[in-house]
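All remarks here apply to the structure that follows.
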Amino acid sequence: MTYVDGNVLAGPLAEVFGVDFTAVTGTCASCGFAAALATLRVYSTAPGFVARCPSCEEVVLRLVRTPTEAWVDLRGARSLRVPLT
Amino acid sequence: MAIVTPGFFGKRRGAADRLPPGQYLADDFPVLTAGPTPVVHTEDWEFTLTNEVGERHTWNWRELQALPAETPTVDIHCVTKWSKLDTAWRGVSLDELFADVDTAADYAMVHSYGGYTTNLPLEDLLDGQAWIAYEYDGEELLAQHGGPARLLVPHLYFWKSAKWVRDIELMVTDEPGFWESLGYHDYGDPWLEQRYQGD
Ligand SMILES: [Zn+2]
């Protein structure tokens, strides 16, 4: 049992934020590694999505989708770098 | 086996009556994980109970194995909707481990090797309801299922039964754990279908 690449989050994140995250870079709050979405290691068999840093394996982003809400935790991301067109 | 007659479960309740609302029966034992499987060798393994004033009780692997073991056979219910009936475990009752712990706290935070956490009321860990389990189905507990030892609290959704359990910290006020802080229910009673906050 292992992880999948971060592109699996593109759809759920676009649904929540209306932004294409495939070009977003998140900086890991734990080690400072700047990770493109695709490089995140996503554990998706859990009760939600858990995206971990490819460098230090700490949690960068978590997302849970309930029947009526999405919950997003970005504590593990020091910053998100989002291209503006 | 294609035919299951009403008498198949003998004097036990039928399988359908043992399934909480919204659950289905799993034939296999699905592995759910929020991160890499921690490698914990039994020679390095420790389990600690910490009360609300910071007093610690710690057991190493040899000390855990020396305590009286129980062999609960229980039904387990995952919030992702699979249930598994009659799972057979071997482990030490939390009543045994809490016997010398002095506390007035009402809540517990469970911490795992690898960083996972989950919260529950202390009373749900006592009175024969919870174990530190180190065997499943007659074999030592595999790492993918939480070995060398996991918490087993089968009357709550299985995310409360933390794999790779490392310590339990008693708290005066409740705090949310890993999933409880991201939309999942603080208590998680499968029979009340308490999956998410507000259920
Ligand atoms: Zn990192």
Side-chain angles (χ1 to χ4, degrees), chain A residues 1-17 21 26-33 35 37-78 80, chain B residues 21-23 26 28-39 76-83 111-119 142-147 156-164 175-188 190 193-199:
Chain A
M1 190 57 57
T2 183
Y3 53 84
V4 296
D5 78 59
N7 284 327
V8 72
L9 289 172
L13 288 170
E15 181 190 17
V16 176
F17 295 109
F21 269 73
T27 298
C28 173
S30 179
C31 77
F33 184 83
L37 182 74
T39 69
L40 293 175
R41 300 176 175 183
V42 179
Y43 293 82
S44 57
T45 61
F49 291 104
V50 179
R52 292 178 178 269
C53 172
S55 177
C56 74
E57 294 192 325
E58 283 297 317
V59 177
V60 175
L61 180 157
R62 300 188 297 152
L63 189 153
V64 164
R65 205 185 186 293
T66 81
T68 56
E69 295 173 316
W71 290 65
V72 182
D73 172 13
L74 284 164
R75 279 176 300 177
R78 181 189 301 165
L80 295 179
Chain B
Q23 298 291 112
D28 55 349
F29 194 162
V31 173
L32 276 71
T33 179
T37 298
V39 178
I76 57 177
H77 311 291
C78 178
V79 74
T80 61
K81 302 200 171 178
W82 57 265
S83 290
H111 298 263
S112 296
Y113 291 95
Y116 182 77
T117 56
T118 187
N119 59 304
L142 297 175
Q144 63 179 350
H145 289 306
L156 300 177
Y157 278 126
F158 212 45
W159 90 76
K160 301 284 186 181
S161 293
K163 296 178 181 183
W164 315 297
E175 287 178 35
F178 188 84
W179 291 119
E180 294 86 356
S181 65
L182 201 69
Y184 281 92
H185 200 277
D186 273 315
Y187 187 60
E193 216 172 348
Q194 293 173 332
R195 299 179 194 276
Y196 304 108
Q197 297 280 332
D199 284 350

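Just so it is clear, the model here is predicted, and its values are computed rather than measured. Chain A is the first sequence line, chain B the second, and so forth, proteins listed ahead of strands; every chain is numbered from 1.
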**Asked** What residue in A:E69, A:R41, A:E57 has the most heavy-atom pairs under 4.5 Å with chain B?
**Response** A:E57

**Prompt:** With sequence neighbours excluded, what pairs up with A:E58 under the salt bridge (charged side-chain N to carboxylate O under 4.0 Å, His left out) test?
**Reply:** none

**Asked** Quick check: does any side chain N or O of B:R195 sit under 3.5 Å from a backbone N or O of A:T66, one acting as donor and the other as acceptor?
**Response** no

**Under 3.5 Å: donor-acceptor pair, side chain of B:Y184, backbone of A:P47** = yes

**Message:** Any donor-acceptor pair under 3.5 Å linking the side-chain atoms of B:S181 with those of A:R62?
**Reply:** yes

Would you indicate whether the side-chain heavy atoms of [Y] and [X] approach each other to under 4.5 Å?
{"X": "B:V31", "Y": "A:T45", "value": "no"}
{"X": "A:W71", "Y": "B:Q197", "value": "yes"}
{"X": "A:R52", "Y": "B:P36", "value": "yes"}

**Prompt:** Under the side chain to side chain donor-acceptor pair (under 3.5 Å) test, which residues partner B:T80, sequence neighbours left out?
**Reply:** B:W82

**Message:** Pair A:V50, B:W179 - check side-chain contact (heavy atoms from CB on, under 4.5 Å), show working.
**Reply:** CA-CA 10 Å; A:V50 179; B:W179 291 119; 3.5 Å; yes

**Item:** Toward chain B, the part of A:R65 with a non-hydrogen atom under 4.5 Å
**Value:** backbone

**Asked** What part of A:V42 lies closer than 4.5 angstrom to a heavy atom of chain B: side chain, backbone, both or neither?
**Response** neither

**Prompt:** Quick one: OH on A:Y43 to OG1 on B:T37, what's the gap to the nearest 0.5 Å?
**Reply:** 7.5 Å

**Item:** Minimum heavy-atom distance B:L182-A:V72, with the two atoms named
**Value:** CD1-C, 3.8 Å

